[in-house]
Number of protein chains: 2
Amino acid sequence: MATAETKTKQPERVDATNFLREGIVKGRFLPNERLIEIEIARLIGTNRANVRTALACLEQEGLVVTEPNRGARVRLISDAEAIEIVQARSALELLVVRFAAMRATPEDRAELAALIGEMKSAYDSNDLMRYSATNGLFHKKLQKISRHETARKLLGTLRSQMVRFQYRAIFLPNRAAKSLAEHEAIMKAVEAGDPDRAERAMRRHLIGVIEGIEQVIASAQAEV
Amino acid sequence: MATAETKTKQPERVDATNFLREGIVKGRFLPNERLIEIEIARLIGTNRANVRTALACLEQEGLVVTEPNRGARVRLISDAEAIEIVQARSALELLVVRFAAMRATPEDRAELAALIGEMKSAYDSNDLMRYSATNGLFHKKLQKISRHETARKLLGTLRSQMVRFQYRAIFLPNRAAKSLAEHEAIMKAVEAGDPDRAERAMRRHLIGVIEGIEQVIASAQAEV
DNA sequence: GTCGACGAAATTGATAACAAAATTGCTTGC
DNA sequence: GCAAGCAATTTTGTTATCAATTTCGTCGAC
(Lines give C-alpha, C1' and ligand atoms only; values in the text may rest on other atoms or scores of the structure.)
Protein backbone atom coordinates (compact mmCIF):
# COMPACT_ATOMS: atom_id res chain seq x y z
CA MET A 1 0.00 0.00 0.00
CA ALA A 2 2.92 2.31 0.53
CA THR A 3 3.47 2.91 -3.13
CA ALA A 4 0.39 1.33 -4.67
CA GLU A 5 -2.34 3.97 -4.30
CA THR A 6 -5.65 2.39 -5.21
CA LYS A 7 -5.68 3.18 -8.87
CA THR A 8 -8.00 6.15 -9.26
CA LYS A 9 -8.30 6.53 -12.99
CA GLN A 10 -5.48 8.81 -14.06
CA PRO A 11 -6.44 12.10 -15.62
CA GLU A 12 -6.08 12.26 -19.35
CA ARG A 13 -3.52 14.97 -18.86
CA VAL A 14 -1.06 12.44 -17.50
CA ASP A 15 -1.84 10.04 -20.30
CA ALA A 16 -1.12 12.73 -22.85
CA THR A 17 2.24 13.48 -21.27
CA ASN A 18 3.23 9.83 -21.20
CA PHE A 19 2.03 9.28 -24.74
CA LEU A 20 4.08 12.16 -26.03
CA ARG A 21 7.14 11.33 -23.97
CA GLU A 22 7.09 7.76 -25.15
CA GLY A 23 6.51 8.87 -28.70
CA ILE A 24 9.53 11.13 -28.59
CA VAL A 25 11.75 8.61 -26.83
CA LYS A 26 10.75 5.76 -29.10
CA GLY A 27 11.27 7.87 -32.17
CA ARG A 28 7.70 8.18 -33.33
CA PHE A 29 8.17 11.93 -33.26
CA LEU A 30 11.46 12.99 -34.76
CA PRO A 31 13.73 15.81 -33.63
CA ASN A 32 12.55 19.20 -34.86
CA GLU A 33 9.21 17.77 -35.81
CA ARG A 34 6.35 20.15 -35.12
CA LEU A 35 3.89 18.97 -32.54
CA ILE A 36 0.55 20.46 -33.46
CA GLU A 37 -1.80 20.50 -30.55
CA ILE A 38 -5.01 19.52 -32.23
CA GLU A 39 -3.41 16.75 -34.24
CA ILE A 40 -1.98 15.15 -31.14
CA ALA A 41 -5.21 15.67 -29.27
CA ARG A 42 -7.06 13.72 -31.94
CA LEU A 43 -4.32 11.10 -31.98
CA ILE A 44 -4.67 10.45 -28.27
CA GLY A 45 -8.38 11.07 -28.11
CA THR A 46 -8.36 14.01 -25.78
CA ASN A 47 -8.69 17.75 -25.97
CA ARG A 48 -6.24 20.50 -26.80
CA ALA A 49 -5.99 21.74 -23.23
CA ASN A 50 -4.52 18.49 -22.00
CA VAL A 51 -2.07 18.33 -24.87
CA ARG A 52 -1.08 21.89 -24.10
CA THR A 53 -0.21 21.15 -20.50
CA ALA A 54 1.53 17.97 -21.55
CA LEU A 55 3.70 19.94 -23.93
CA ALA A 56 4.48 22.46 -21.21
CA CYS A 57 5.60 19.66 -18.91
CA LEU A 58 7.74 18.08 -21.57
CA GLU A 59 9.32 21.41 -22.28
CA GLN A 60 10.46 21.52 -18.71
CA GLU A 61 11.76 18.00 -19.06
CA GLY A 62 13.81 19.18 -21.99
CA LEU A 63 12.12 16.98 -24.55
CA VAL A 64 10.39 19.73 -26.52
CA VAL A 65 10.92 23.40 -27.17
CA THR A 66 8.18 25.93 -27.69
CA GLU A 67 8.26 29.38 -29.20
CA PRO A 68 5.50 31.89 -28.49
CA ASN A 69 2.74 31.70 -31.08
CA ARG A 70 4.73 29.11 -32.95
CA GLY A 71 4.02 26.01 -31.03
CA ALA A 72 6.15 23.10 -29.93
CA ARG A 73 8.78 20.99 -31.59
CA VAL A 74 10.68 17.92 -30.55
CA ARG A 75 13.93 19.17 -29.16
CA LEU A 76 17.13 18.09 -30.86
CA ILE A 77 19.80 17.28 -28.31
CA SER A 78 23.14 18.55 -29.57
CA ASP A 79 26.28 16.47 -29.28
CA ALA A 80 27.74 18.82 -26.70
CA GLU A 81 24.60 18.55 -24.67
CA ALA A 82 24.63 14.78 -24.88
CA ILE A 83 28.03 14.81 -23.25
CA GLU A 84 26.76 17.09 -20.52
CA ILE A 85 23.86 14.79 -19.89
CA VAL A 86 26.12 11.78 -19.53
CA GLN A 87 28.27 13.73 -17.13
CA ALA A 88 25.34 14.71 -14.97
CA ARG A 89 24.03 11.18 -15.17
CA SER A 90 27.39 9.92 -14.03
CA ALA A 91 27.43 12.14 -10.99
CA LEU A 92 24.06 10.79 -9.95
CA GLU A 93 24.81 7.17 -10.81
CA LEU A 94 27.80 7.28 -8.52
CA LEU A 95 25.54 8.44 -5.74
CA VAL A 96 23.00 5.77 -6.54
CA VAL A 97 25.42 2.89 -6.63
CA ARG A 98 26.78 3.81 -3.21
CA PHE A 99 23.31 3.63 -1.74
CA ALA A 100 22.56 0.47 -3.63
CA ALA A 101 25.60 -1.14 -2.06
CA MET A 102 24.51 -0.01 1.37
CA ARG A 103 20.85 -0.93 1.08
CA ALA A 104 20.64 -4.02 -1.10
CA THR A 105 18.64 -6.89 0.37
CA PRO A 106 19.33 -10.53 -0.49
CA GLU A 107 16.45 -10.44 -2.98
CA ASP A 108 17.89 -7.32 -4.58
CA ARG A 109 21.22 -9.04 -4.99
CA ALA A 110 19.61 -12.05 -6.56
CA GLU A 111 17.73 -9.91 -9.05
CA LEU A 112 20.87 -8.00 -9.92
CA ALA A 113 22.75 -11.22 -10.47
CA ALA A 114 19.94 -12.48 -12.66
CA LEU A 115 20.19 -9.40 -14.82
CA ILE A 116 23.92 -9.91 -15.20
CA GLY A 117 23.19 -13.47 -16.23
CA GLU A 118 20.79 -12.22 -18.87
CA MET A 119 23.30 -9.72 -20.14
CA LYS A 120 25.89 -12.46 -20.41
CA SER A 121 23.52 -14.67 -22.34
CA ALA A 122 22.62 -11.81 -24.68
CA TYR A 123 26.29 -11.13 -25.17
CA ASP A 124 27.10 -14.78 -25.84
CA SER A 125 24.39 -15.03 -28.45
CA ASN A 126 25.60 -11.74 -29.91
CA ASP A 127 22.21 -10.11 -29.45
CA LEU A 128 23.46 -6.62 -28.76
CA MET A 129 20.05 -4.99 -28.85
CA ARG A 130 18.89 -7.29 -26.10
CA TYR A 131 22.14 -6.66 -24.28
CA SER A 132 21.53 -2.92 -24.46
CA ALA A 133 17.98 -3.28 -23.21
CA THR A 134 19.04 -5.42 -20.27
CA ASN A 135 21.83 -2.99 -19.59
CA GLY A 136 19.18 -0.31 -19.16
CA LEU A 137 17.26 -2.55 -16.80
CA PHE A 138 20.40 -3.14 -14.75
CA HIS A 139 20.87 0.56 -14.15
CA LYS A 140 17.21 0.98 -13.39
CA LYS A 141 17.42 -1.87 -10.93
CA LEU A 142 20.33 -0.20 -9.21
CA GLN A 143 18.26 2.93 -8.83
CA LYS A 144 15.45 0.97 -7.32
CA ILE A 145 17.78 -0.82 -4.92
CA SER A 146 19.28 2.46 -3.83
CA ARG A 147 15.85 3.60 -2.67
CA HIS A 148 16.94 7.12 -3.45
CA GLU A 149 13.85 8.62 -5.01
CA THR A 150 15.34 12.00 -5.72
CA ALA A 151 18.27 10.66 -7.68
CA ARG A 152 16.02 8.17 -9.39
CA LYS A 153 13.68 10.85 -10.64
CA LEU A 154 16.48 13.04 -11.92
CA LEU A 155 18.09 10.11 -13.69
CA GLY A 156 14.78 9.26 -15.29
CA THR A 157 14.47 12.61 -17.00
CA LEU A 158 18.10 12.56 -18.05
CA ARG A 159 17.78 9.13 -19.55
CA SER A 160 14.80 10.05 -21.68
CA GLN A 161 16.85 12.75 -23.35
CA MET A 162 19.61 10.33 -24.26
CA VAL A 163 17.81 7.85 -26.44
CA ARG A 164 19.37 9.13 -29.59
CA PHE A 165 22.78 7.93 -28.37
CA GLN A 166 21.85 5.24 -25.90
CA TYR A 167 22.08 2.03 -27.78
CA ARG A 168 24.57 2.90 -30.46
CA ALA A 169 27.68 2.78 -28.31
CA ILE A 170 27.22 -0.91 -27.72
CA PHE A 171 27.95 -1.66 -31.35
CA LEU A 172 31.44 -0.26 -31.11
CA PRO A 173 34.09 -2.98 -31.40
CA ASN A 174 35.01 -4.47 -28.05
CA ARG A 175 32.61 -2.23 -26.14
CA ALA A 176 30.17 -4.97 -25.22
CA ALA A 177 32.84 -7.19 -23.70
CA LYS A 178 34.21 -4.37 -21.61
CA SER A 179 30.75 -3.27 -20.63
CA LEU A 180 29.87 -6.72 -19.41
CA ALA A 181 32.97 -6.91 -17.25
CA GLU A 182 32.30 -3.47 -15.83
CA HIS A 183 28.77 -4.40 -14.91
CA GLU A 184 29.91 -7.58 -13.28
CA ALA A 185 32.33 -5.62 -11.14
CA ILE A 186 29.53 -3.29 -10.08
CA MET A 187 27.29 -6.20 -9.24
CA LYS A 188 30.00 -7.90 -7.18
CA ALA A 189 30.67 -4.72 -5.23
CA VAL A 190 26.99 -4.21 -4.48
CA GLU A 191 26.72 -7.83 -3.45
CA ALA A 192 29.65 -7.31 -1.11
CA GLY A 193 27.86 -4.29 0.34
CA ASP A 194 30.93 -2.16 -0.22
CA PRO A 195 29.94 1.39 -1.26
CA ASP A 196 33.47 2.60 -1.96
CA ARG A 197 34.24 -0.34 -4.16
CA ALA A 198 30.88 -0.01 -5.87
CA GLU A 199 31.57 3.63 -6.59
CA ARG A 200 34.99 2.81 -8.01
CA ALA A 201 33.50 0.13 -10.21
CA MET A 202 30.78 2.46 -11.41
CA ARG A 203 33.33 5.16 -12.06
CA ARG A 204 35.31 2.83 -14.29
CA HIS A 205 32.14 1.85 -16.09
CA LEU A 206 31.08 5.44 -16.67
CA ILE A 207 34.45 6.32 -18.13
CA GLY A 208 33.82 3.59 -20.64
CA VAL A 209 30.33 4.89 -21.34
CA ILE A 210 31.56 8.42 -21.94
CA GLU A 211 34.28 7.19 -24.27
CA GLY A 212 31.69 5.19 -26.12
CA ILE A 213 29.38 8.17 -26.57
CA GLU A 214 32.27 10.30 -27.72
CA GLN A 215 33.18 7.74 -30.33
CA VAL A 216 29.59 7.53 -31.50
CA ILE A 217 29.52 11.29 -31.87
CA ALA A 218 32.86 11.37 -33.64
CA SER A 219 31.88 8.69 -36.12
CA ALA A 220 28.52 10.34 -36.72
CA GLN A 221 30.30 13.55 -37.58
CA ALA A 222 32.63 11.67 -39.90
CA GLU A 223 29.61 10.27 -41.72
CA VAL A 224 28.50 13.76 -42.69
CA MET B 1 22.96 36.85 -28.80
CA ALA B 2 23.75 33.25 -28.06
CA THR B 3 21.66 33.18 -24.93
CA ALA B 4 19.80 36.50 -25.11
CA GLU B 5 16.87 35.90 -27.47
CA THR B 6 15.24 39.18 -28.34
CA LYS B 7 12.62 39.33 -25.63
CA THR B 8 9.35 38.36 -27.28
CA LYS B 9 6.72 39.01 -24.66
CA GLN B 10 6.51 35.83 -22.63
CA PRO B 11 3.24 33.95 -22.65
CA GLU B 12 1.17 34.30 -19.53
CA ARG B 13 1.60 30.61 -18.95
CA VAL B 14 5.26 31.13 -18.13
CA ASP B 15 4.42 34.08 -15.93
CA ALA B 16 1.97 31.98 -13.99
CA THR B 17 4.56 29.28 -13.42
CA ASN B 18 7.13 31.76 -12.24
CA PHE B 19 4.65 33.53 -10.03
CA LEU B 20 3.64 30.32 -8.35
CA ARG B 21 7.16 29.00 -8.03
CA GLU B 22 8.34 32.21 -6.46
CA GLY B 23 5.33 32.30 -4.20
CA ILE B 24 6.05 28.81 -2.95
CA VAL B 25 9.78 29.36 -2.56
CA LYS B 26 9.36 32.70 -0.84
CA GLY B 27 6.79 31.28 1.52
CA ARG B 28 3.74 33.14 0.27
CA PHE B 29 2.08 29.79 -0.19
CA LEU B 30 2.67 27.44 2.70
CA PRO B 31 3.24 23.69 2.62
CA ASN B 32 0.00 21.74 2.25
CA GLU B 33 -1.87 24.88 1.32
CA ARG B 34 -4.47 24.27 -1.33
CA LEU B 35 -3.85 26.06 -4.59
CA ILE B 36 -7.25 26.77 -6.08
CA GLU B 37 -7.04 27.39 -9.77
CA ILE B 38 -9.49 30.23 -10.11
CA GLU B 39 -8.18 32.08 -7.08
CA ILE B 40 -4.67 32.02 -8.42
CA ALA B 41 -5.86 32.94 -11.87
CA ARG B 42 -7.49 36.05 -10.47
CA LEU B 43 -4.43 36.78 -8.34
CA ILE B 44 -2.16 36.76 -11.37
CA GLY B 45 -4.66 38.20 -13.75
CA THR B 46 -4.87 35.29 -16.13
CA ASN B 47 -7.17 32.41 -16.87
CA ARG B 48 -7.62 29.02 -15.31
CA ALA B 49 -6.08 27.16 -18.23
CA ASN B 50 -2.73 28.84 -17.74
CA VAL B 51 -2.79 28.22 -14.01
CA ARG B 52 -3.62 24.62 -14.71
CA THR B 53 -0.61 24.08 -16.91
CA ALA B 54 1.57 26.00 -14.48
CA LEU B 55 0.50 23.68 -11.70
CA ALA B 56 1.22 20.67 -13.85
CA CYS B 57 4.73 21.97 -14.50
CA LEU B 58 5.33 22.64 -10.84
CA GLU B 59 4.14 19.19 -9.99
CA GLN B 60 6.88 17.81 -12.17
CA GLU B 61 9.33 20.10 -10.46
CA GLY B 62 8.27 18.61 -7.18
CA LEU B 63 6.89 21.81 -5.73
CA VAL B 64 3.23 20.84 -5.70
CA VAL B 65 1.23 17.64 -5.57
CA THR B 66 -2.10 17.09 -7.24
CA GLU B 67 -4.75 14.49 -6.64
CA PRO B 68 -7.39 13.72 -9.25
CA ASN B 69 -10.48 15.82 -8.77
CA ARG B 70 -8.95 17.29 -5.65
CA GLY B 71 -6.64 19.88 -7.04
CA ALA B 72 -3.15 20.94 -6.13
CA ARG B 73 -1.37 21.62 -2.87
CA VAL B 74 2.02 22.96 -2.01
CA ARG B 75 4.15 19.92 -1.45
CA LEU B 76 5.65 19.45 1.97
CA ILE B 77 9.21 18.19 1.70
CA SER B 78 9.80 15.61 4.39
CA ASP B 79 12.97 15.58 6.42
CA ALA B 80 14.12 12.37 4.80
CA GLU B 81 13.53 13.88 1.40
CA ALA B 82 15.43 17.00 2.32
CA ILE B 83 18.45 14.85 3.02
CA GLU B 84 18.04 13.13 -0.31
CA ILE B 85 17.89 16.44 -2.05
CA VAL B 86 21.08 17.64 -0.43
CA GLN B 87 22.76 14.40 -1.43
CA ALA B 88 21.71 14.76 -5.04
CA ARG B 89 22.68 18.40 -4.96
CA SER B 90 26.06 17.40 -3.63
CA ALA B 91 26.69 14.97 -6.43
CA LEU B 92 25.99 17.68 -8.97
CA GLU B 93 27.88 20.42 -7.13
CA LEU B 94 30.97 18.27 -7.19
CA LEU B 95 30.62 17.99 -10.92
CA VAL B 96 30.03 21.69 -11.26
CA VAL B 97 32.99 22.78 -9.20
CA ARG B 98 35.33 20.63 -11.27
CA PHE B 99 34.19 22.34 -14.42
CA ALA B 100 34.33 25.71 -12.77
CA ALA B 101 37.96 25.10 -11.88
CA MET B 102 38.70 24.08 -15.44
CA ARG B 103 36.82 26.84 -17.18
CA ALA B 104 37.05 29.93 -14.99
CA THR B 105 38.25 33.05 -16.76
CA PRO B 106 40.11 35.85 -14.95
CA GLU B 107 36.85 37.79 -14.70
CA ASP B 108 35.11 34.79 -13.22
CA ARG B 109 37.81 34.48 -10.60
CA ALA B 110 37.52 38.13 -9.71
CA GLU B 111 33.77 37.87 -9.29
CA LEU B 112 34.13 34.79 -7.16
CA ALA B 113 36.68 36.54 -4.96
CA ALA B 114 34.34 39.51 -4.66
CA LEU B 115 31.56 37.25 -3.44
CA ILE B 116 33.87 35.75 -0.84
CA GLY B 117 34.70 39.28 0.24
CA GLU B 118 31.04 40.05 0.66
CA MET B 119 30.47 36.89 2.62
CA LYS B 120 33.33 37.82 4.90
CA SER B 121 31.93 41.28 5.45
CA ALA B 122 28.50 39.88 6.20
CA TYR B 123 30.06 37.45 8.62
CA ASP B 124 32.09 40.16 10.33
CA SER B 125 29.03 42.33 10.82
CA ASN B 126 27.17 39.25 12.03
CA ASP B 127 24.51 39.63 9.34
CA LEU B 128 23.82 35.95 8.85
CA MET B 129 20.85 36.45 6.60
CA ARG B 130 22.98 38.42 4.21
CA TYR B 131 25.70 35.81 4.57
CA SER B 132 23.24 33.10 3.62
CA ALA B 133 22.02 35.06 0.62
CA THR B 134 25.53 35.68 -0.63
CA ASN B 135 26.33 32.05 -0.01
CA GLY B 136 23.55 31.20 -2.42
CA LEU B 137 24.97 33.62 -4.96
CA PHE B 138 28.39 32.00 -4.61
CA HIS B 139 27.05 28.59 -5.53
CA LYS B 140 25.04 30.07 -8.35
CA LYS B 141 28.14 31.81 -9.61
CA LEU B 142 30.05 28.54 -9.57
CA GLN B 143 27.34 27.01 -11.70
CA LYS B 144 27.58 29.84 -14.16
CA ILE B 145 31.36 29.58 -14.29
CA SER B 146 31.15 25.85 -14.92
CA ARG B 147 29.15 26.56 -18.08
CA HIS B 148 27.45 23.23 -17.54
CA GLU B 149 23.86 23.97 -18.43
CA THR B 150 22.54 20.53 -17.65
CA ALA B 151 23.88 20.44 -14.13
CA ARG B 152 22.83 24.02 -13.62
CA LYS B 153 19.26 23.32 -14.54
CA LEU B 154 19.04 20.27 -12.32
CA LEU B 155 20.54 22.17 -9.40
CA GLY B 156 18.05 24.95 -9.94
CA THR B 157 15.07 22.70 -9.44
CA LEU B 158 16.67 21.00 -6.46
CA ARG B 159 17.42 24.29 -4.81
CA SER B 160 13.88 25.55 -5.08
CA GLN B 161 12.71 22.54 -3.09
CA MET B 162 15.14 23.23 -0.28
CA VAL B 163 14.07 26.67 0.85
CA ARG B 164 12.50 25.40 4.00
CA PHE B 165 15.92 24.32 5.27
CA GLN B 166 18.24 26.54 3.33
CA TYR B 167 18.95 29.43 5.58
CA ARG B 168 18.43 27.88 8.98
CA ALA B 169 21.64 25.90 9.14
CA ILE B 170 23.67 29.06 9.11
CA PHE B 171 22.36 30.00 12.55
CA LEU B 172 23.89 26.93 14.14
CA PRO B 173 26.77 27.81 16.46
CA ASN B 174 30.09 27.87 14.66
CA ARG B 175 28.58 26.95 11.33
CA ALA B 176 29.09 30.33 9.73
CA ALA B 177 32.80 30.45 10.55
CA LYS B 178 33.36 26.97 9.17
CA SER B 179 31.24 27.72 6.14
CA LEU B 180 33.28 30.79 5.33
CA ALA B 181 36.53 28.87 5.53
CA GLU B 182 35.13 26.12 3.34
CA HIS B 183 34.02 28.58 0.70
CA GLU B 184 37.38 30.28 0.71
CA ALA B 185 39.06 26.94 0.10
CA ILE B 186 36.76 26.32 -2.84
CA MET B 187 37.46 29.75 -4.26
CA LYS B 188 41.21 29.28 -3.93
CA ALA B 189 41.08 25.93 -5.68
CA VAL B 190 39.02 27.34 -8.54
CA GLU B 191 41.41 30.25 -8.80
CA ALA B 192 44.27 27.80 -9.01
CA GLY B 193 42.42 26.01 -11.78
CA ASP B 194 42.81 22.70 -9.99
CA PRO B 195 39.71 20.54 -10.44
CA ASP B 196 40.78 17.78 -8.05
CA ARG B 197 41.53 20.21 -5.30
CA ALA B 198 38.30 22.08 -5.99
CA GLU B 199 36.35 18.87 -5.75
CA ARG B 200 38.01 17.98 -2.47
CA ALA B 201 37.27 21.41 -1.07
CA MET B 202 33.67 21.19 -2.21
CA ARG B 203 33.38 17.73 -0.72
CA ARG B 204 34.51 19.03 2.64
CA HIS B 205 32.05 21.87 2.38
CA LEU B 206 29.15 19.61 1.52
CA ILE B 207 29.86 17.37 4.46
CA GLY B 208 29.46 20.45 6.60
CA VAL B 209 26.24 21.38 4.83
CA ILE B 210 24.75 17.95 5.33
CA GLU B 211 25.68 17.94 8.99
CA GLY B 212 24.09 21.35 9.32
CA ILE B 213 20.86 20.22 7.74
CA GLU B 214 20.79 17.14 9.92
CA GLN B 215 21.15 19.27 13.00
CA VAL B 216 18.41 21.60 11.86
CA ILE B 217 16.14 18.62 11.38
CA ALA B 218 17.08 17.09 14.72
CA SER B 219 16.45 20.30 16.62
CA ALA B 220 13.18 20.88 14.78
CA GLN B 221 12.04 17.44 15.85
CA ALA B 222 13.08 18.19 19.42
CA GLU B 223 10.90 21.30 19.34
CA VAL B 224 7.80 19.24 18.69
C1' DG C 1 -25.16 14.28 21.91
C1' DT C 2 -23.31 11.68 18.04
C1' DC C 3 -23.42 9.59 13.77
C1' DG C 4 -24.88 9.19 9.14
C1' DA C 5 -27.55 10.63 5.11
C1' DC C 6 -28.80 14.15 2.18
C1' DG C 7 -28.28 18.35 -0.44
C1' DA C 8 -26.03 22.69 -1.68
C1' DA C 9 -21.84 24.99 -2.75
C1' DA C 10 -17.28 24.89 -4.38
C1' DT C 11 -13.88 23.07 -7.32
C1' DT C 12 -11.94 20.37 -10.86
C1' DG C 13 -12.23 18.18 -15.55
C1' DA C 14 -13.61 18.51 -20.39
C1' DT C 15 -15.29 20.87 -24.50
C1' DA C 16 -16.37 24.49 -27.41
C1' DA C 17 -15.98 28.93 -29.30
C1' DC C 18 -13.58 32.99 -30.31
C1' DA C 19 -9.51 36.18 -31.01
C1' DA C 20 -4.75 36.92 -32.34
C1' DA C 21 -0.75 35.65 -34.60
C1' DA C 22 1.89 33.22 -38.01
C1' DT C 23 2.27 30.73 -42.20
C1' DT C 24 1.04 29.84 -46.84
C1' DG C 25 -0.33 30.67 -51.34
C1' DC C 26 -1.94 33.72 -54.66
C1' DT C 27 -2.29 37.85 -57.18
C1' DT C 28 -0.56 41.94 -59.02
C1' DG C 29 2.77 45.04 -60.59
C1' DC C 30 7.05 45.62 -62.59
C1' DG D 1 9.86 35.68 -64.69
C1' DC D 2 10.26 37.59 -60.07
C1' DA D 3 9.28 40.08 -55.95
C1' DA D 4 6.29 42.47 -52.89
C1' DG D 5 2.06 42.69 -50.84
C1' DC D 6 -2.38 40.97 -49.76
C1' DA D 7 -5.79 37.47 -48.52
C1' DA D 8 -6.91 32.82 -46.91
C1' DT D 9 -5.71 29.15 -44.00
C1' DT D 10 -3.62 27.17 -40.20
C1' DT D 11 -2.29 27.22 -35.58
C1' DT D 12 -1.78 29.14 -31.15
C1' DG D 13 -3.62 31.89 -27.17
C1' DT D 14 -7.62 33.13 -24.42
C1' DT D 15 -12.09 32.91 -22.58
C1' DA D 16 -16.51 30.96 -21.62
C1' DT D 17 -19.48 27.12 -20.54
C1' DC D 18 -21.06 22.78 -18.93
C1' DA D 19 -20.62 18.32 -16.57
C1' DA D 20 -18.62 15.50 -12.85
C1' DT D 21 -16.68 15.17 -8.45
C1' DT D 22 -15.57 16.50 -3.96
C1' DT D 23 -16.38 19.17 0.13
C1' DC D 24 -19.04 21.24 3.56
C1' DG D 25 -22.98 22.16 6.18
C1' DT D 26 -27.48 20.87 7.75
C1' DC D 27 -30.93 17.99 9.19
C1' DG D 28 -32.76 13.98 11.20
C1' DA D 29 -32.53 9.36 13.44
C1' DC D 30 -30.95 6.85 17.18
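All chains are named by letter (A, B, ...) in the order of the sequence lines, taking the proteins before the strands, and each is independently numbered beginning at 1.
- B/Leu55 comes within contact range of no nucleotide atom at all, as no heavy-atom separation falls under 4.0 Å.
- Residues passing the side-chain contact (heavy atoms from CB on, under 4.5 Å) test with B/Val65 are B/Arg73, B/Arg75, sequence neighbours excluded.
- Atom pair B/Arg48:CZ and D/dA16:P shows a separation of 12 Å (rounding to whole Å applied).
- Between the CD atom of B/Glu37 and the C1' atom of D/dA16 there is a distance of 15 Å, rounded to whole Å.
- Residues B/Phe29 and B/Val64 fail the side-chain proximity criterion, which asks for heavy atoms closer than 4.5 Å.
- Residue A/Lys140 qualifies as open at atom NZ: its count of foreign heavy atoms under 6.0 Å is 12 or below.
- Contacts of residues 60-67 of chain A with DNA chain C (heavy atom under 4.0 Å): none.
- Which of D/dT12, C/dA14, C/dT11 sits closest to the side chain of A/Arg52 comes down to D/dT12.
- Heavy-atom distances to DNA chain C give each of A/Ala49 and B/Ile36 a nearest nucleotide, and the one nearer the 5′ end belongs to B/Ile36.
- Looking at heavy atoms from C-beta onward, B/Leu142 lies in side-chain contact with B/Phe138 at the 4.5 angstrom threshold.
- Between B/Leu35 atom CG and C/dT11 atom P there is a gap of 12 Å when expressed in whole angstrom units.
- For the pair A/Asn50 and C/dA14, the criterion of a side-chain N or O lying under 4.0 Å from OP1 or OP2 is met.
- Annotation for A/Arg109 and A/Ala104: closest pair NH2-O, 3.3 Å, computed over non-hydrogen atoms.
- There is no side-chain donor-acceptor pair under 3.5 Å between A/Ser132 and A/Asn135.
- Taking only side-chain atoms of B/Asn69, from C-beta outward, the nucleotide of C/dT11, D/dT22, D/dG13 with the closest atom is D/dT22.
- Note: CG (B/Asn47) to P (C/dA19) measures 16 Å, nearest angstrom.
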Kindly list each side-chain donor-acceptor pair under 3.5 angstrom involving residues 93-100 of chain B, sequence neighbours excluded, with atom names and distances?
from, atom 1, to, atom 2, distance (Å)
B/Glu93, OE1, B/His139, ND1, 3.2
B/Glu93, OE2, B/Arg89, NE, 3.4
B/Glu93, OE2, B/His139, ND1, 3.3
B/Arg98, NH1, B/Asp196, OD1, 3.0
B/Arg98, NH1, B/Glu199, OE1, 2.6
B/Arg98, NH2, B/Asp196, OD1, 3.1

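- When the side-chain nitrogen and oxygen atoms of A/Arg70 are compared with OP1 and OP2 of D/dT11, none of them lie within a distance under 4.0 Å.
- Taking atom CZ of B/Arg34 as the reference point, atom C1' of D/dT23 lies 8 Å away to the nearest angstrom.
- One interatomic measurement links the two molecules: CZ of B/Arg42 to P of C/dT11, which rounds to 9 Å at whole-angstrom precision.
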